[in-house]
Amino acid sequence: MNNIYSTIGRGPGFTSIWDLKGKVLVIAEKPKAARKIAEALSQRYFVRNINDVTYFEIRDGPRQIIVASSVGHLYGLTTQEEGYPVYTYQWVPLYVVEKKKAHSYNYLEALRKLCTTSNYFVNACDYDIEGSVIGYLIIKFNGDPGRAYRAKFSSLTLSELREAFRRLTQLDYEMIEAGLCRHELDWLWGINVSRAIMRTVESFSKKKIILSAGRVQTPTLKYVSDIEKERNLFIPIPVYSVVPTIVKDGVKITLELINSPIRTKKDAYALAERIRREGFLTVESYVEHTTSVAPPPPFNLGDLQEEAARIYGYSPSKTQSIAEQLYLDALISYPRTNSQKLPSGLDFKSLLTKISQISNYSALVSDLLKETKGYLKPVEGDKEDPAHPAIYPTGVRPVKLSSEQWAVYDLIVRRFLAAFAGNAIIYRSTAKFALPGENIVFQATGQGIEDLGWYKYYPFHKPSVKVLPRFRNGERVEVVEVSVKTAYTRPPQRISKIGMLRWMESVEIGTEATRATIIEKLFERKYLVNTSRGVAVTDLGLGIVETLEIFFPELVKVELTRHFEKLMNDIKKGVVKREQVITEARNTLDMLIKKFNEKKETVGQILSSRLGIYTPPNKCAICNREEFSNGLCTYHYKANEQINKVYEEWKEREGVSFKEYLERIKKLKSTGKWVIEVIEHFYGGK
DNA sequence: GCAAGGTC
């Protein structure tokens, strides 16, 4: 019997799986992908079990195809050596090196047994460098790379999978080498620098404290640390505004001064007085317009994490683990994706029909089908992902979800529905007012919803309604009140975990699968702590950044990732060999570690003092940090400079004495911590 | 024990 899929689409340089004789073992990256592959290869496959692990068997005459799966990486790098620098490492099964990896034992054992009886091997993991490494290491340690092939597909649709298995290539050694190299580089930098800083603390203070540094975590820490320092050194500056209240049709409206020319308090009061004397303003323009707001694209993981944070206050890692659970329950598609596009082959009509069976959504889906008249074309975003589409509901009916699982599931369903809905029409009006004879403009705005559009399905962005009466150009409006408002410039806000994740995305470090975990790791190390207003950096976190900036500046910068990427590309192109790259990295590290070791004592002292386990003899008069200059640490020294510098602004704007200035800024909420500490220390009074 | 990467 000839398989119905076996005869079409072969080409030169390619091998069809159907031409391989004997037993062929196909290795997928994850269980769900294995099932899809089995479905694509045959309409009749047997479901089998080994070591509690499911795999699939296809029999077709003399052919036997086994489709089994990995669960991500089954091997990891490790070393037997202690201390640093360390440059020798081996690949070993993950369950050996990492605790809590027992499940990976079962999968590896199953693959090992299947490998021993197979004649050919196909690496059918995701088509990226990690997938190339995952499949390669399994075949290398349990099978035979000389009898192995690579299947290349970028989506799990049946037609693409069938095509991929008719066009197998040799193992993709360029990708494998690039992937192995990425692992080794991250390991070399991460393990060596982590050990270096841990060991200095240990030899200085005899305390074993876990510290770490890495290509992704350290630049992220540096980013938050910059915000922390700016906030702690911040001194607000007063800015003034004049706020007239007018009356129109019996309604009081307060106006906003735009393009304020006011610099000093005196100016502000003079302008207020001038308006009071005038008693009215003239309408300079009145404009009404509508804008059309398109639905947001379907969710990728970052967008989902952002919305769950904004609407429910969930941390990115919480949202991610909820989404993973929903995926394992088959309620949603694969969540670790960057794509904002739905799969083109998806039957939207039948999926919506399935969703309409879920009582919460019956009415919404019925409205959507009416509104679209069955024309179902979703909006999509620009972001793409080579391996997965955007997150969408599968139509499987949820049972027994917790309230938090429901919340995330609901966001995903509604965002999916909204993608098919029409634009929302928002109505806005703006009135501008002038003071006769002056180049000064005040403004009032109104806003309303003319057509709900997609907000009906995804109401979490719905704009608020603000009524503004109609004005005529040239109309004189009576001013009933004028006040002078003093506001203060604001420091950068404390960042949130989702803000950190968004930043990591924007500079392209980490991946969908790892960003949330790496953020949590910074908290675990006590480099960061949560406050009610967002993430704060601890003294230890600041100290780690300072130290690494001096001794391992590469590791603090986002550019190290760009550099690695370039090296990976060169390896893929065959311009450079993995061994060369590793030798170079080793030489760089060797040199940096030598310089670091010369200052081991100092670094150990600095980090120990930041850990609060040591008080330096020349310490800052205010805190426990080492002295930098004039009896102060760098931070309090800078705060003192800042106090003197910003006083010039205050003197001009408020006309206050230095003493008054200090009293005023001490009371302001956004004045930085280090500034307050300096004021209390030098200028007295708690 | 230390990284970042996959997935359960």
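Since the model is a prediction, treat every value here as computed from it, not as a measurement. In what follows, chains are A, B, ... by sequence order, proteins preceding strands, each numbered from 1. Just so it is clear, the values below take in all heavy atoms, side chains as well, and ignore hydrogens, waters and symmetry mates.
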Q: With A/Y75 as reference, evaluate A/Y89, A/W91, A/F141 under the ring-ring contact (aromatic ring centres under 6.0 Å, His included) test and give the passing residue.
A: A/F141
Base, sugar-phosphate, or nothing: which does [X] touch, judged by heavy atoms less than 4.0 Å apart?
X      : value
A/Y89  : nothing
A/E29  : sugar-phosphate
A/L77  : base
A/S212 : sugar-phosphate
A/L74  : nothing
A/G76  : nothing
A/I210 : sugar-phosphate
A/R515 : nothing
A/Y334 : sugar-phosphate
A/N192 : nothing
A/V71  : base

Q. Would you say the side-chain atoms of A/Q340 pair up with the backbone N or O of A/K383, donor to acceptor, closer than 3.5 Å?
A. yes
Q. Would you say the side-chain atoms of A/D385 pair up with the backbone N or O of A/H388, donor to acceptor, closer than 3.5 Å?
A. yes
Q: State which of B/dG1, B/dG5, B/dC2 makes the closest approach to the side chain of A/R525.
A: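 Of B/dG1, B/dG5, B/dC2, B/dC2 is nearest to the side chain of A/R525.
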Q: Measure from the side chain of A/L94, starting at C-beta and using heavy atoms only, and say which of B/dA3, B/dG6, B/dG1 lies closest.
A: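 My answer, after comparing the listed nucleotides, is B/dG6.
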**Q.** Test item: side-chain donor near acceptor, A/S70 and A/E29, under 3.5 Å
**A.** no
Q: Answer yes if the ring centres of A/Y614 and A/F204 are under 6.0 angstrom apart, and no otherwise.
A: yes
Q. Does the ring center of A/Y127 lie less than 6.0 Å from the ring center of A/F153?
A.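 No, too far apart.
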Q) Would you say the side chain of A/R336 and the base of B/dG6 hold a donor-acceptor pair, judged only by whether the two atoms sit under 3.5 Å apart? A) no
(Q) Let me spell it out: for each of A/E512 and A/S194, pick the nucleotide of DNA chain B with the closest heavy atom. Which residue's pick is nearer the 5' end? (A)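 In this pair, the answer is A/S194.
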Q.
On DNA chain B, compare the nucleotides closest to A/G190 and A/K30; which residue's is nearer the 5' end?
A. A/G190
Q) Does A/K595 come within less than 4.0 Å of A/E598, counting only side-chain N to carboxylate O? A)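 Result for this pair is no, no salt bridge flagged.
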(Q) Below 4.0 angstrom, which residues in residues 180-187 of chain A have at least one non-hydrogen atom near DNA chain B? (A) A/R182, A/H183, A/D186, A/W187
Q: Give, ordered by number, those residues of residues 577-608 of chain A having at least one heavy-atom distance below 4.0 Å to an atom of DNA chain B; if nothing qualifies, reply none.
A: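 Output list: empty, so none.
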Euclidean distance, atom [atom1] of residue [X] to atom [atom2] of [N] [Å, nearest integer]:
X      : N     : atom1 : atom2 : answer
A/Y107 : B/dG6 : OH    : C1'   : 14 Å
A/E130 : B/dT7 : CD    : P     : 9 Å
A/F564 : B/dA3 : CZ    : P     : 14 Å
A/R35  : B/dT7 : CZ    : P     : 18 Å
A/K521 : B/dA3 : NZ    : P     : 5 Å
A/E554 : B/dA3 : CD    : P     : 19 Å
A/H73  : B/dG6 : NE2   : P     : 7 Å
A/I27  : B/dG6 : CD1   : C1'   : 15 Å

(Q) If you compare every side-chain N and O of A/R215 against the phosphate oxygens of B/dG5 (OP1, OP2), does one of them come in below 4.0 Å? (A) yes
Q. Quick one: are A/V71 and A/P31 in side-chain contact, heavy atoms under 4.5 Å?
A. yes
Q) Would you call A/R150 and A/K152 a side-chain contact if the rule is heavy atoms closer than 4.5 Å? A)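 A side-chain contact under 4.5 Å exists here.
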Q: Report the C-alpha distance between A/Y334 and A/Y327 in whole Å, list the side-chain angles of each, state the deciding distance to 0.1 Å, and finish with yes or no for ring-ring contact (aromatic ring centres under 6.0 Å, His included).
A: CA-CA 6 Å; A/Y334 190 77; A/Y327 163 71; 5.4 Å; yes
Q: Apply the test ring-ring contact (aromatic ring centres under 6.0 Å, His included) to residues A/Y149 and A/F121: give CA-CA distance (whole Å), side-chain angles for both, the deciding distance (0.1 Å), then the verdict.
A: CA-CA 6 Å; A/Y149 297 89; A/F121 309 91; 9.8 Å; no
